Amino acid sequence: MARDLAALIHPLHDRSAHQAGHVWVQGRGAMLIDAHGTEYIDGLSGLWNVALGHGRRDLADVARQQLETLAYASGYCGSSSVPAIELAERLARLTPPTINRFFFTSGGAEANESAFKVARSYWKRRGRASKTKVISRELGYHGLTLAAMSATGMPAYWSLFEPRVPGFIHIPAPYPYRAAPTSGDSYGIAVANELEQAILREGADTVAMFIAEPVIGVGGVIVPPDDYFPRIREICDRYDVLLAADEVITGFGRTGKWFGLEHWGVVPDIVQFAKVITSGYFPLGGIGVSDEIARVLDEGGEPWMHAHTYSAHPTGCAVALRTLQIIEDENLLAEAARKGAYLLDALRARLASHAHVGEIRGKGLMCAIEFVDDRDTKATFAPEARVGARIHAEAQARGLFSRVRGDVFVLAPPFVTPDDLLDRIAEILASATHAVLGPSPGSAPRA
Ligand SMILES: Cc1ncc(COP(=O)(O)O)c(C=O)c1O
């Protein structure tokens, strides 16, 4: 760790927090092993990506074969590779019938950058150059390159790096646990209508797209009401605003379907993906676009001057193809749905009655526990109490490694996690909660 601290700058760098970090040396299935030889359950599948588990020979083999055959070839106009073509063809079969064309990147933020640029270029080519703004949501996470950061709806990610890119606007996200009472409309419709109000405020002729995660991930695993996205689709259609689904976490089975928006029968104009597409075995992301957007892109005129050296990396595409095949062969969509329900039940059985557990929620194999100071008022703990961070530390001491956002503990274990390890996750979290907040309802010591 001393060598690490002397040599590295980390993502979300925080030197003092990192002192208690781990140097990981091996992964096996749902387990991670650190340099001391201590084993941990990988409660977040790496960073929501290693869905097929660590140490897989099949993914390593396909990467090695492709590296030996053609490790890299440019994907720039005038160049292509067989794995890239096959991956795009396969994705066309998995995405809605209107999405058939794909652009690949190295990860999620680049996918979102590509979505912003494809949306702006689409409207420009259609003679509506004033449609440039991007509306996103508070608590949404879209990556941390400058424009993706500007779409991300959590100010902690902005403060050192402002000014943000102009033209990025945030509206409230649905947060059923913290829903304000609405009169007339359901909560889902009322929150969706925030989009309409923002479009009218900004002027529909200035708005290019709305971007949203089907289930908010990093922001605390927040599942929208069922009527939210259908209404969002209607509003986007009414005002000619493209709907871009950030499926970077939810894509490829995490919620029990290939894509999160399938839960509500909603078809986006652009879909962004990354993470599970290679199960983390190679950096790859991308976007799919509707036939209408693809048609406009194909139209002549100036070239579409957007690109990355590693767009459509043949090795990444080969690993992705095998990942998708494994998800199908091992029936992992159904498994993610079943295991997610199993984990939620296990967490609820052990923690639902605890005086400081506000909500246990999830969809498929992504879930969260929200800790609160007062269950009745839903009042949060004072940030100085560092309740989430302390539960995270106690969980690690018991062999579970995941992440917290404030006092929300998030979980997204690999799709291949055995049921007994899901039980163990729940046991560890119950024990860690008791260590920090007291063992039984009402007996919690204040920090
Ligand atoms: C929904 C979502 N979008 C985008 C990103 C950014 O992806 P990357 O870190 O690969 O740039 C993430 C990363 O967690 C994410 O959760």
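Everything quoted here is computed from the prediction, not taken from an experiment. Both counts, for ligands and for their atoms, begin at 1 and track the order of listing.
- Annotation for Tyr72: atom OH counts as buried by contact number, over 12 foreign heavy atoms lying within 6.0 Å.
- Pro224 pairs in a side chain to side chain contact (heavy atoms under 4.5 Å, CB included) with only one of the listed residues (Tyr187, Trp264, Tyr175), which is Trp264.
- Here the closest heavy-atom approach between residue Glu194 and residue Pro172 is recorded as OE1-CD, 3.6 Å.
- Classification of the Phe401-His22 ring pair by plane angle, with boundaries at 30° and 60°, yields perpendicular.
- Under a 4.0 Å criterion applied to the non-hydrogen atoms of Asn112, ligand 1 contributes the atoms 3 (N), 4 (C).
- In this structure, Arg403 places its CZ atom where only 12 or fewer heavy-atom neighbours from other residues, nucleotides or ligands lie under 6.0 Å away.
- Ring geometry for Tyr40 against Trp24 counts as perpendicular: the plane angle is over 60°, on a 0 to 90° scale with 30° as the lower cut.
- The Glu213 neighbourhood of ligand 1 comprises atoms 1 (C), with distances under 4.0 Å to a heavy atom of that residue.
- For Lys133 and Phe168, the positive end is not near the middle of the six-membered ring at less than 6.0 Å and at most 45° from its axis.
- Protein heavy atom nearest atom 4 (C) of ligand 1, with residue, atom name and distance: His142 C, 3.5 Å.
- The protein heavy atom nearest to atom 3 (N) of ligand 1 is Asp246 OD2, 2.7 Å.
- Close approach to Gly143 involves these atoms of ligand 1, each under 4.0 Å from a residue heavy atom: 4 (C), 5 (C), 6 (C).
- The closest protein non-hydrogen atom to atom 11 (O) of ligand 1 is Ala109 N, 2.7 Å.
- Every atom of ligand 1 with a heavy atom of Ile249 under 4.0 Å away is listed here by number and element: 16 (O).
- Of all protein heavy atoms, the one closest to atom 7 (O) of ligand 1 is Gly108 CA, 3.2 Å.
- There is a protein heavy atom closer than 4.0 angstrom to atom 14 (O) of ligand 1.
- For ligand 1, the atoms sitting less than 4.0 Å from at least one non-hydrogen atom of Val248 are 1 (C), 2 (C), 3 (N), 4 (C), 5 (C), 12 (C), 15 (C), numbered in the order shown with element in parentheses.
- With hydrogens left out, the protein atom closest to atom 2 (C) of ligand 1 is Tyr141 O, 3.3 Å, a heavy atom.
- For ligand 1, the atoms sitting less than 4.0 Å from at least one non-hydrogen atom of Gly107 are 10 (O), numbered in the order shown with element in parentheses.
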Using the ring-ring contact (aromatic ring centres under 6.0 Å, His included) rule, take His263 and Phe229 through it: C-alpha gap first, then chi angles, then the decisive distance, then the call.
-> CA-CA 10 Å; His263 287 285; Phe229 274 109; over 10 Å; no

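- Ligand 1 is approached by Lys275 to a heavy-atom distance shorter than 4.0 Å.
- Between His10 and His13, the ring-plane angle classifies as parallel under the 30° and 60° cut-offs.
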